[in-house]
Amino acid sequence: MLLADVVRTSNQVSGTSSRLSKVSLIADLLSQCALQVAAGTASADDIGLATRYLSGSLRQRRTGIELASLSGKSWLSELPTPPEAGVVTLSELDTVMQHASELAGAGSSRVRADLFLSLVRRLTAQEREFVGQLVGRLRGGLRQGALESVVMTAVADAGGVALVDVRRAVAAQGDLPGVAQALLVDGAGALNLFRLMVGRGVSPMLASSAKSVAEALAKTGPAGVEWKLDGIRAQIHKHGNDIHVLTRSLDDITDRVPEVVELISSLPVASAIFDGELIALHSDGRPKPFQETGSRAASRVDPKVASARTPLTAYLFDVLHLDGTDLIDEPGSVRRDVLETAVPPAHLTPRLRVEDVADPAQVDAATAFAADAVARGHEGVVVKADDASYDMGRRGAGWVKVKPVHTLDLVILAVERGNGRRSGWLSNLHLGARDPTGRFGLEGGFVMLGKTFKGLTDEMLRWQSAELPRHAVGPTDGYVLALRPEVVVEIAFDGVQTSPRYPGGLALRFARVVRHRPDKTAIEADTIELVEALHQY
DNA sequence: GTCGGGCGAATTC
DNA sequence: TTCAGACTTATTCGG
DNA sequence: CCGAATAAGTCTGAAGAATTCGCCCGAC
C-alpha cells in the first residue's frame with residue numbers, strides 16, 4: 001500500500017466535518033487495503049500501518065529527527081518534487097520512522113537528518129506535509145480530525161463487525177492497529193483472541209461527574225459510595241511472583257514502587273488484575289499533597305530510598321480477574337465482594353452501601369460520608385452503581401465522581417490571545433488575588449495565582465474580547481495583553497497547591513471561570529490571605 | 001572532557 | 001485534569 | 001406507525017500546574 005493512498009484519505013478526512021463521512025472514507029481505504037492483502041499486492045502489516053498512520057491521535061515518539069534545525073528554511077516547499085514521487089510505500093515510511101526512533105539519542109543529528117531527508121526527497125509535496133506533521137515538530141502535530149474513535153468505527157465497518165466488539169478487543173489489549181490487522185486479514189473470529197490477559201494492560205474505566213452525592217445516586221441507583229483519593233491510578237497485575245504496576249496510560253512503573261509490589265506479592269492469590277489508587281499519607285493517615293505522590297510515580301532513580309522516604313499506600317477498589325476467572329462483565333457489587341475476599345480491609349477504599357436511593361435517610365448518610373472523606377483531606381467520593389460492569393476505557397454512567405468546588409473572586413491581570421477555534425478572541429486569563437498589605441509587592445497590589453481558559457462560553461469570550469482591551473496597559477508582546485487590575489471574575493477551582501512558580505507560592509488547581517463580575521471592583525476581590533487559608537497540608 | 005543550566009517532552013492530576 | 005460546543009444515538013411525543 | 005423533537009451520550013479541542021528526565025550547549 002502506498003503512502004500516497006493514506007495521505008489522500010487523510011486529506012479527504014480533514015476536509016469533511018461529518019463523522020459519518022470520515023468513517024466511510026477510512027473504512028473504504030481499509031477495505032481496499034484488505035483486498036490488496038488478499039490479492040497478494042500488499043502485506044498484512046499494511047493494514048496495521050494504515051490504521052496507525054491514519055489515527056490522528058498517533059504521536060510519533062521521539063523520532064530523533066531534528067526537524068527544528070531543518071524547518072527554518074521552509075525546506076518542505078523548497079525541495080523539488082521528483083518525477084518518481086508518489087510511489088513510496090507505507091512500509092518504507094514505517095521503516096524510516098522506526099529507524100529514526102531507534103537512533104534517537106544514539107547518533108549525531110546530522111546522520112539522522114540525512115536518513116530522513118533521503119526519504120523525504122522522494123515524496124510529493126502533500127506527502128511531505130503529512131510526514132512533517134506526523135513527526136510533530138512542525139506546528140503542533142498532525143491535525144486531521146480523525147482521532148482514534150473515528151478510526152475504530154471505520155475498522156469495525158470495514159471488518160463488518162459491531163463497534164463494541166472492536167472496542168472491547170482494543171480495550172483488552174490496547175492496540176487498535178493490531179486489532180485492525182487481525183480483523184481484516186483473519187476475519188471476525190480473530191477478535192476472540194484479543195481477550196483479557198493477566199500481564200497485559202487494560203484501558204481503565206473512568207468516571208463521569210456530578211455536583212452532589214444525591215445527583216450521583218440518582219444516576220446510579222443502588223450503589224457503593226467510595227472515598228476518592230488524590231493519588232495515582234494503578235492497575236496491578238499479579239501472575240504468581242510476576243507483578244506489574246501500570247498507570248492510567250498503562251505505563252509500567254513497577255520498578256518505581258517496590259513497596260506496592262511487596263504488598264501485592266503478600267496477597268493469597270495466584271493471579272489477579274486489580275484496579276486502585278496509590279497515595280502518600282502522613283503518619284496520621286491524612287493524605288500528603290498530590291505533588292509528593294506524583295513525584296514518586298515519576299521518579300525513576302533510587303526507588304528504595306524514595307519508598308523509604310515517601311512510602312505509597314495502595315488502596316484497591318476493583319478486581320478484573322481473579323485466579324482464572326474474568327470478572328469484567330460481573331456487576332460492580334459482585335466484583336467488590338470478590339475483592340474483599342482477596343484484599344485485607346486496610347487496602348480497600350472505605351465505602352458506604354446505599355441500598356435504596358429513594359430513601360432520604362440513606363442519601364443523607366451518603367452525603368455525610370462524603371463530607372467526612374473531605375474533612376479527612378481526601379478529594380471526595382466516587383459513587384459506583386451496583387450493577388455496573390467494568391467498562392474498559394469508557395467514561396460510563398456507572399461511576400460518578402463528586403468533588404467539592406471552591407470559588408473566589410479574582411482580578412484579571414492579563415489575557416492571552418486564543419489559538420485554533422479561539423483565534424481572534426482573547427482567551428486565557430491571568431488571575432490574581434488582592435494583596436492589601438503589600439506582602440508580595442506594592443501595597444494594594446495583586447498576586448498572580450495561575451491562569452485559566454476553561455469554563456468560557458462563546459458569549460463570555462465575545463464579552464471579554466470586547467471589554468478587556470479597554471483596560472490594557474502599556475505595549476503588548478503580541479501574545480499577552482497586560483491589563484490594569486480592574487476586572488473581576490468568579491473562579492471555581494478544586495484546591496490550592498504550593499507553587500514554585502508564582503510569587504505567592506500558591507497556585508490554583510483546575511481553575512475555571514464561572515462568570516465575569518462587572519458589578520464588582522478590584523477592591524472587592526478576595527485576598528491572598530483567604531487563599532492561604534484554603535491551602536491544606 | 002565534565003558539570004550544570006536551560007528548555008522541551010511526557011506524564012500525573 | 002476541566003469545560004463548552006458540535007455532533008451522534010436513543011427515546012419520547014404528536015399526528 | 002413514522003417522522004420530528006428532545007434527551008442523553010460521545011468526541012474534539014481549547015489549555016492549567018507540577019514533576020522528572022533527556023538533550024543541547026556553554027563554561028571551566
Side-chain angles (χ1 to χ4, degrees), chain A residues 16-23 56-57 59-64 66 68-69 104-109 136-137 140-141 143-153 163 167 206-209 219 228-234 247-253 256 277-279 289-302 306 379 391 393-398 401 403 405 416-423 425 427-431 448-461 491-502 506-514:
Chain A
T16 175
S17 59
S18 155
R19 181 190 159 93
L20 245 47
S21 318
K22 293 180 190 200
V23 167
S57 61
R59 286 212 184 86
Q60 197 69 25
R61 280 178 171 252
R62 288 232 138 261
T63 59
E66 299 304 317
S69 62
S108 80
S109 43
R137 291 279 182 98
R143 292 274 171 82
Q144 64 181 193
L147 263 54
E148 194 170 52
S149 75
V150 173
V151 179
M152 197 186 293
T153 310
L163 175 60
R167 175 145 48 209
L206 307 171
S208 56
S209 57
K219 287 190 194 180
K228 183 176 194 315
L229 301 164
D230 190 12
I232 299 283
R233 184 82 177 264
T247 64
R248 179 163 140 64
S249 64
L250 306 182
D251 194 21
D252 191 323
I253 57 165
R256 302 173 212 174
E277 195 85 4
L278 309 181
I279 185 169
F290 171 74
Q291 280 125 313
E292 293 197 37
T293 301
S295 97
R296 270 303 311 280
S299 172
R300 264 163 284 198
V301 295
D302 286 336
E379 254 197 310
D391 282 337
R394 322 241 44 222
R395 194 179 294 282
K401 59 186 165 188
K403 299 194 271 186
V405 175
E416 295 175 13
R417 299 187 190 287
N419 290 301
R421 206 183 90 81
R422 293 195 175 181
S423 60
W425 276 334
S427 173
N428 203 355
L429 303 174
H430 295 201
L431 306 169
M448 184 163 172
L449 290 173
K451 304 192 256 186
T452 187
F453 59 91
K454 296 188 189 99
L456 294 161
T457 62
D458 287 2
E459 177 55 36
M460 289 157 85
L461 284 166
I491 298 294
F493 58 100
D494 281 18
V496 179
Q497 58 192 341
T498 58
S499 167
R501 178 189 312 187
Y502 290 110
L506 297 174
L508 302 182
R509 195 158 181 216
F510 305 135
R512 57 266 190 190
V513 179
V514 179

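The chains referred to below are lettered A, B, ... by the order of the sequence lines, with proteins before strands, and numbering in each begins at 1.
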query: In terms of side-chain geometry, is the basic nitrogen of R421(A) or D458(A) positioned less than 4.0 Å from the acidic oxygen of its partner?
result: yes

R512(A) CZ to dG5(C) C1', straight-line distance once rounded to whole Å: 18 Å

task: Indicate, with a heavy-atom threshold strictly under 4.0 Å, whether V513(A) touches base, sugar-phosphate, or nothing.
output: nothing

task: Would you give the length of the straight line joining atom CG of D230(A) to atom CD of E277(A), rounded to the nearest 0.5 angstrom?
output: 7.5 Å

From CG (L456(A)) to CG (L461(A)), nearest 0.5 Å: 5.0 Å

task: Take the protein atom CH2 of W425(A) and the nucleotide atom C1' of dC3(C), then report the distance between them rounded to whole Å.
output: 15 Å

message: Let's see if you can work this out: which of dT2(C), dC13(B), dT12(B) has an atom nearest to the side-chain heavy atoms of T247(A)?
response: dT12(B)

- prompt: Between dT1(C) and R233(A), is there an OP1 or OP2 to side-chain N/O distance shorter than 4.0 Å?
  reply: no

- prompt: Contact class for K401(A) (heavy atom, under 4.0 Å): base, sugar-phosphate, or nothing?
  reply: sugar-phosphate

- prompt: Does R248(A) make a side-chain N or O approach to OP1 or OP2 of dT1(C) shorter than 4.0 Å?
  reply: yes

field: Phosphate OP1/OP2 of dA14(D) contacted by N428(A) side-chain N/O (<4.0 Å)
entry: no

message: Looking at R509(A), I'd like to know whether one of its side-chain N or O atoms comes within less than 4.0 Å of OP1 or OP2 on dT1(C).
response: no

field: Side chain of D251(A) - closest among dT11(B), dA15(D), dA4(C)
entry: dT11(B)

task: Report yes if a side-chain nitrogen or oxygen of R417(A) is closer than 4.0 Å to either non-bridging phosphate oxygen (OP1 or OP2) of dA14(D); otherwise report no.
output: no

Phosphate-side-chain proximity, K403(A) and dT2(C), N/O vs OP1/OP2 below 4.0 Å: yes

- request: Look at the side-chain N and O atoms of R296(A) and state whether any lies under 4.0 Å from the OP1 or OP2 oxygen of dT20(D).
  value: no

- prompt: Between dG13(D) and R422(A), is there an OP1 or OP2 to side-chain N/O distance shorter than 4.0 Å?
  reply: no

- request: Return the value, rounded to whole Å, for the distance between atom CZ of F493(A) and atom P of dC3(C).
  value: 13 Å

task: Specify the separation, in whole Å, of atom CZ of R300(A) and atom P of dT19(D).
output: 16 Å

Closest nucleotide among dA18(D), dA4(C), dC3(C) to the K454(A) side chain: dC3(C)

- prompt: Once you round to the nearest 0.5 Å, how far does CD of E379(A) lie from CD1 of I279(A)?
  reply: 8.5 Å

- prompt: Hey, what do you get for NZ (K401(A)) to OG (S209(A)), rounding to the nearest 0.5 Å?
  reply: 6.0 Å

task: Name the nucleic acid region contacted by A511(A), choosing base, sugar-phosphate or nothing; use a 4.0 angstrom heavy-atom cut-off, strictly under.
output: nothing

query: Is K451(A) near enough to dG16(D) that one of its side-chain N or O atoms lies under 4.0 angstrom from OP1 or OP2?
result: yes

statement: Rounding to 0.5 Å, atoms CD (Q291(A)) and OG (S499(A)) come to a distance of 8.5 Å

field: Rounded distance (nearest 0.5 Å) linking atom CG of L431(A) with atom CE of M448(A)
entry: 7.0 Å

- line: By nearest-heavy-atom nucleotide on DNA chain C, the more 5' of R421(A) and F453(A) is F453(A)

- request: Give S499(A) one of three labels, base, sugar-phosphate or nothing, depending on what nucleic acid heavy atoms sit under 4.0 Å from its own.
  value: sugar-phosphate

task: May I have the distance from R501(A) (atom CZ) to dA18(D) (atom C1'), rounded to whole angstrom?
output: 8 Å

task: For S209(A), report the nucleic acid contact type (base, sugar-phosphate, nothing); a contact means any heavy atom under 4.0 Å.
output: nothing

field: Nearest to side-chain heavy atoms of D230(A), which nucleotide of dG9(D), dC13(B), dA18(D)
entry: dC13(B)

dC13(B) and dA15(D), which share atom name C1', separated by this distance in whole Å: 14 Å

- request: Between dA15(D), dC11(D), dG5(C), spot the one nearest the side chain of D458(A), thanks.
  value: dG5(C)

- prompt: Taking OP1 and OP2 of dT1(C), is either one under 4.0 Å from a side-chain nitrogen or oxygen of K228(A)?
  reply: no

field: Length of the CD-P vector between E459(A) and dA4(C), whole Å
entry: 14 Å

query: Can we say K451(A) and E416(A) salt-bridge, meaning some charged N sits less than 4.0 Å from an Asp/Glu carboxylate O?
result: yes

message: Rounded to whole Å, how long is the line connecting atom CD of Q497(A) with atom C1' of dG16(D)?
response: 9 Å

- request: From the options dT11(B), dG5(C), dT1(C), select the nucleotide whose nearest atom is closest to the side chain of F510(A).
  value: dT1(C)

Phosphate OP1/OP2 of dT12(B) contacted by S295(A) side-chain N/O (<4.0 Å): no

field: Gap between atoms CZ and P, on R395(A) and dT2(C) respectively (whole Å)
entry: 7 Å

field: Touch class at under 4.0 angstrom, heavy-atom based, for G294(A) against every strand present
entry: nothing

- prompt: Is there a side-chain polar atom (N or O) of S249(A) under 4.0 Å from OP1 or OP2 of dT12(B)?
  reply: yes

